[in-house]
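One structure is given here, and the rest of the page talks about it.
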Amino acid sequence: MTELPKHFDPAAIETRWYGHWEEEGLFRPERDDCEPFTIVNPPPNVTGSLHIGHALDNTLQDILVRHQRMLGKDALWVVGTDHAGIATQMVVERQLNEQQQKRTDFSREEFIEKVWQWKEESGGEITGQLRRLGCSMDWSNERFTMDEGFTKAVTKVFVDLYNDGLIYRDKRLVNWDPGLKTAISDLEVENSETNGHFWHFSYPLEDGSGAISVATTRPETMLADMAVAVHPSDERYADMVGKNVRLPITGRLVPIITDDHADPELGSGAVKITPGHDFNDFDVGKRAGFKPAEMLNMLDADAKVCQTTDGLIPDELIGMDRFDARKKVVELIDAAGLLEQVEDRVIVTPYGDRSNVVIEPWLTDQWYVDAEKLAVEPMAKVRSGEIDIVPKSWEKTFFNWMENIQPWCVSRQLWWGHRIPAWYGDNGEVYVAADEVEAQAKAGEGVSLTQDEDVLDTWFSSGLWPFATLGWPEETDDLKRHYPNNVLISGFDILFFWDARMMMQGLHLMGEVPFHTLYLHGLVRAADGQKMSKSKGNTVDPLGLIDQYGADALRFFMAAMESQGRDIKMDEKRVEGYRNFATKLWNAARFCQSNGIGASTTLAAPKATLPVNRWIISETVTTLNALNKALDDLRFDGAADAVYHFVWDKFCDWYLELIKPEMDGDGAEECRQVAGWVLDQILVMLHPFMPFITEELWHAMGERSYDIIVAKWPNPRADVDAEAASEIGWLIKLIGDTRTARAELNIPPGAKLTVHVRDASDGTLERLERQSAALARVGRIENVSTDVPPEGSAAQIPVDEATYVLPLEGVIDLDAEKARLAKALEAAEKEVASLDKRLSNPQFVEKAKPEAVDKARADHAEKTAEAERLRAALERLG
RNA sequence: GGGUGCGUAGCUCAGUGGGAGAGCACUGCCUUCACACGGCAGGGGUCGCUGGUUCAAUCCCAGCCGCACCCA
């Protein structure tokens, strides 16, 4: 036993224990013969630093892993980082900008080399921060999505999916990010409402017989208009269909066509069609018989106006930025007298989630994954329950997305990432192969090949995380043991990005689900309920909280606040409260130390005869059951709550107080045994939540043959002792009611009282005798007398069948005591009346569950008796 | 427009078909030999609104109001 410092200083113990665990390999002890338990960590961006969401996500995972490790399982928590294509490339490009350089000043190889350098220098920040949080990951197998092995896996997946017909190259509209100059997937587009306009143009008919009015929110796209569409049933335009319109500015002749897409209710009912620059129009264009390759394109990669293939855009517009072009087009149309009207209108505008620039639908060749086919199995597995989504409410969202899933654009026009393993021959033939040699073999000798310039979407590779981290495609032992993973914990915000894709890829490539349970937690919000964001400046730094309150307190906060399905609002006072909780435990341990209470040596509860010891063992069992259930159900809040209240309310507030008077008597040794055992159970039960303080106290309490991180989960082999529970329950009520009376009657808390008991049963008299020491010390009741209490003013406290009388002649205010009793009587009578009403209702007695009726009757009897005793007490006071 | 979730004590949140709980904050008392990051006691809620089902609704159903988020 090492004496604990008076003050608990989290910082002093955290780094020490973390280093010890990691050096000793305790995060992954050798347990090849044990049942495996596996979690993979959502790989944070290598560019990232720990934010509060990571703190939540990783705390929850660590709780599960530490718990499972203590259950004796071969618990593996896979960890690593994600190369985060766009984000990382942006970081390095920004650094180059600071030195007046840009990416294109370098060759691709040179630039990638610079990214690797950056990764070596600062890529480890977040992994260090995860350590500060106390996460017990298997660092010995830390992975990175750009590692050689992982890259091989990514390449193989691409080739396999291509060979299976699940990846293909296609020319269609993509979401083009003109800021980053890459395609992005539809998930990476954020739509938001902005104030815009609805411009009404008049398009003259070719034959001079009139004009047709069209309206648009994006006037500049008229430079690439290829048709005007009206609804087939719209009689207003029936005789115009088939005629041509001569477009203003370009003079292009385009047909008036019919298509269901035209909404007769909207504007004039006629709509301009720009297949190359609008997703709806693309479909209309295809229906009208335009092939994608024929669709006119008027924008370059920077979203500046470029010449269409028909050469009809006036020179003055070429090279203009899209927003300048918008103004210019409106100006020109207005000048031609064809601008009919301009309406203000709120329009939904797509933005790139990284670049925050307006996304442009753009016609390009990209690689697509046939997500619709891959979505079939995941949906089946969720329906069958083989994958359990927790909380269940997310299933609907999951199905809704999966059922309407679009082809997944996976190519990105970046340099940093997994380069697409596709080679093109001189005439554009495609050879998809693991490497150039294979591609050449496919192409045949003499064909000169160039590799696709693009890289893959980062999520394409992170979707392989549950198995590629375990060595896939090699059939490693780890892979066999740890796939499928048990649980996957992630924020709901990456349900589609990542979770669903793991299911698709895992099921297709491994033939088995990637995990059996998918637990989705919410967001951590700022104290005012707003989403935290760097731009708003309302982020809370978890490391700052750790500095201030300790990692254990932050972790406990995260667990306690994590009720399934709700976002967590940051509440620093609550983190402080859990720091106080840690201090409370610390001080309880100090008390134990100073009373010769030390480490226990048995897993089973010690034999005990004293009611207080039998009671606390029962309470330990009850708490353990509640904790086990909560952990099984993934109710982190319930788990935290169970331990918290046991430690504070039961162990500290009552048990330790109640054994104080025993410590120099015959029961002392038994109390030491039991107290030491209970404290050990507390440390073990609390360890998944508060790993640092529990490890510190574990060792401080005595010599241990192993660390708590690998200790066994409690198994008390004891039952709840109803008799002891009843006696200590009675004792607590008696002391509690006495204290209440004292406080209300302004009796000095320290005053030692004599109590006269009336109407007590033999059993109660025995209890009074047995608990006399506790009553004296904790309740400040020095003497219990069965003599008739002296006349005069007295406080009267009914507990069960007996009434306890505190003669307080001259000490208390008689009126105050009368008022106190009257208030209690009123409360009791109110309850009696309410129960009366219920019981006198024949419907209730007939139809209610028998237990409910029994309980009502019992409550009625009890409350009636209590009211009677209070009435008697009042009468005695006159 | 479609969907989801939420609305419970001043604040942050649990909760269940049988009469409402926690933490913090608040009030009073206590420097009692583990702990003032503490102890003891206490006040505080027509459980968003309106109907319905039920012997019984904060809980189930419907509608409404308000607040978030997702999809189009």
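Below, read A as the first sequence line, B as the second, and so on, with proteins coming before strands; counting in each chain starts at 1. Every value quoted in this text rests on a predicted model; they were computed, and no experiment measured them.
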Q. With nearest nucleotides of RNA chain B determined for A:Phe8 and A:Lys569 from heavy-atom distances, which residue corresponds to the more 5′ nucleotide?
A.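 With A:Phe8 and A:Lys569 compared, the 5'-side residue is A:Lys569.
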Q. Which comes earlier along RNA chain B counting from the 5' end, the contact point of A:Ile735 or that of A:Asn841, where each point is its nearest nucleotide?
A. A:Ile735
On a whole-Å scale, what distance lies between the [atom1] atoms belonging to [N] and [M]?
N	M	atom1	value
B:G15	B:A20	C1'	9 Å
B:A62	B:C24	P	39 Å
B:A72	B:C61	C1'	29 Å
B:A56	B:G51	P	16 Å
B:A36	B:G21	P	31 Å
B:U58	B:U46	C1'	11 Å

Atom [atom1] of [X] to atom [atom2] of [N]: distance rounded to whole Å?
X	N	atom1	atom2	answer
A:Phe279	B:C71	CZ	C1'	16 Å
A:Tyr549	B:C24	OH	C1'	12 Å
A:Asp571	B:G10	CG	P	16 Å
A:Lys629	B:A14	NZ	C1'	15 Å
A:Glu193	B:C71	CD	P	14 Å
A:Arg820	B:A41	CZ	P	14 Å
A:Trp648	B:C37	CH2	P	11 Å
A:Phe557	B:A14	CZ	C1'	14 Å

Q | Under 4.0 Å protein heavy-atom contacts per nucleotide of nucleotides 15-22 of chain B, with B for base, S for backbone only and - for none | A | S--BB--B
Polar atoms only, N or O, under 3.5 Å: list the protein pairs with nucleotides 3-9 of chain B and their distances.
unit_1	atom_1	unit_2	atom_2	d
B:U4	OP1	A:Lys396	NZ	2.9
B:C6	O3'	A:Arg566	NH2	3.4
B:G7	OP1	A:Arg566	NH2	3.3

Q.
Under a 3.5 Å cutoff, is there a donor and acceptor pairing between the side chains of A:Asp641 and A:His645?
A.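 Distance-only check passes for A:Asp641 and A:His645.
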Q.
Checking A:Phe591 now: which residues fulfil ring-ring contact (aromatic ring centres under 6.0 Å, His included) with it, not counting sequence neighbours?
A. none
Q | Qualifying residues under ring-ring contact (aromatic ring centres under 6.0 Å, His included), relative to A:Phe496, sequence neighbours excluded | A | A:Trp401
Q. Checking all strands, does A:Met561 fall into the base, sugar-phosphate, or nothing category for heavy-atom contacts under 4.0 angstrom?
A.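 Sugar-phosphate, no base atom in range.
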Q | Sugar-phosphate, base or nothing in reach of A:Arg739, heavy atoms under 4.0 Å | A |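 Touches sugar-phosphate only.
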Output side-chain donor-acceptor pairs under 3.5 Å for residues 844-858 of chain A, partner residues at least two apart or in another chain, one line each.
unit_1	atom_1	unit_2	atom_2	d
A:Lys855	NZ	A:Asp859	OD2	2.9

Protein N or O to nucleotides 58-60 of chain B N or O, pairs below 3.5 Å:
none

Q) If you measure from the Lys or Arg side-chain nitrogens to the Asp or Glu carboxylate oxygens, is any gap between A:Asp567 and A:Lys569 under 4.0 Å? A)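 Not counted as a salt bridge, because no side-chain N and carboxylate O are separated by less than 4.0 Å.
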Table please: side-chain donor-acceptor pairs of residues 821-835 of chain A below 3.5 Å, with sequence neighbours left out.
unit_1	atom_1	unit_2	atom_2	d
A:Glu829	OE2	A:Arg871	NH1	2.5

Q: With sequence neighbours left out, write down each residue that passes side chain to side chain donor-acceptor pair (under 3.5 Å) with A:Asn191, or none if nothing qualifies.
A: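 Residues passing side chain to side chain donor-acceptor pair (under 3.5 Å) with A:Asn191: none at all.
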Q: Compute the centroid of each ring, for A:Tyr519 and then for A:Phe636, and state whether the two points are separated by less than 6.0 Å.
A: yes
Sub-3.5 Å pairs of nitrogen or oxygen atoms, protein against nucleotides 34-36 of chain B:
unit_1	atom_1	unit_2	atom_2	d
B:A34	O2'	A:Asn587	OD1	3.3
B:A34	O2'	A:Arg590	NH1	2.9
B:A34	N7	A:Lys660	NZ	3.3
B:A34	N6	A:Cys652	O	3.2
B:A34	N6	A:Glu657	OE2	3.1
B:A34	N3	A:Asn587	O	3.1
B:A34	N3	A:Ala588	N	3.2
B:C35	O4'	A:Asn587	OD1	3.4
B:C35	O4'	A:Asn587	ND2	3.4
B:C35	O2'	A:Asn587	ND2	3.1
B:C35	O2	A:Lys584	NZ	2.9
B:C35	N3	A:Lys584	NZ	2.9

Q) Does any pair with a residue in residues 548-558 of chain A pass salt bridge (Lys or Arg N to Asp or Glu O under 4.0 Å), and if so which ones, sequence neighbours excluded? A) A:Asp62-A:Arg555
Q) RNA chain B: stems of at least 3 consecutive Watson-Crick or G-U pairs, cut-off 3.5 Å? A) B:1-7 with B:65-71, B:10-13 with B:21-24, B:26-30 with B:38-42, B:48-52 with B:60-64
For residues 391-399 of chain A, dump all side-chain donor-acceptor pairs below 3.5 Å to protein atoms at least two apart in sequence or in another chain.
unit_1	atom_1	unit_2	atom_2	d
A:Lys392	NZ	A:Glu395	OE2	3.3

